[in-house]
Amino acid sequence: MPDALTMTKVVGATLDVRFDWSALLGSDTIASVAWSVSGVTAGATANTTTTATQRISGGSAGTTATVKCTVTTDRKSTRLNSSHILLSR
């Protein structure tokens, strides 16, 4: 998984931002997930033992939102990834 992903979202749309951590986890699993969202409205979250998902909506056209995901694994390792979302009309 790249360190940061860039996506595009239409302002009126809802988007699920999903991080798949399976390639980095090996036999470890996700124990907890923390999210930091700016520039859009954060909605529901969900996670499995290898993925984390944050639903986002809203925002202002022509701006960039940021969604950061921090996971802590069963073995107490912490990993961070982020996505930059370009907001369009």
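All values derive from a computational prediction rather than experimental measurement.
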Taking all non-hydrogen atoms of both residues into account, name the closest pair between Ala61 and Arg89 and its distance.
CB-CG, 3.7 Å
Kindly compute the distance separating CD1 (Ile56) from OG1 (Thr45), expressed to the nearest 0.5 Å.
13.5 Å
Can you name the nearest heavy-atom pair linking Val71 to Trp21, along with the distance?
CG1-NE1, 3.6 Å
Applying side-chain hydrogen bond (donor to acceptor under 3.5 Å, both in side chains), which residue pairs with at least one partner in residues 10-19 are found, sequence neighbours left out?
Asp16-Arg55
For Leu87 and Ala65, which heavy atoms make the closest approach, and how far apart are they?
CD1-CB, 4.3 Å
Are the side chain of Lys9 and the backbone of Val40 linked by a donor-acceptor contact shorter than 3.5 Å?
no
Who pairs with Ser88 by side-chain contact (heavy atoms from CB on, under 4.5 Å), at least two apart in sequence or on another chain?
Thr8, Val10
Just verifying a value: how many Å separate Asn47 CG and Phe19 CZ, rounded to the nearest 0.5 Å?
13.0 Å
List, one per line, each side-chain donor-acceptor pair under 3.5 Å for residues 24-31, sequence neighbours excluded.
unit_1, atom_1, unit_2, atom_2, d
Ser27, OG, Arg75, NH1, 3.3
Ser27, OG, Arg75, NH2, 3.0
Asp28, OD1, Asp74, N, 3.4
Asp28, OD1, Arg75, N, 3.3
Asp28, OD2, Thr73, OG1, 2.6
Thr29, OG1, Asp74, OD2, 2.2

Supply the atom-to-atom distance Ser83 OG to Lys68 NZ, rounded to the nearest 0.5 angstrom.
12.0 Å
Test side chain to side chain donor-acceptor pair (under 3.5 Å) applied to Thr51 - qualifying residues, sequence neighbours left out
Thr48
Working to the nearest 0.5 Å, report the span between CE of Met7 and OG1 of Thr64.
13.0 Å
Name all residues meeting the side-chain contact (heavy atoms from CB on, under 4.5 Å) criterion together with Ser38; count only those two or more places apart in sequence or in a different chain, and write none if there are none.
Thr66
Could you check whether any side-chain heavy atom of Val33 comes within less than 4.5 Å of a side-chain heavy atom of Cys69, counting everything from C-beta outward?
yes
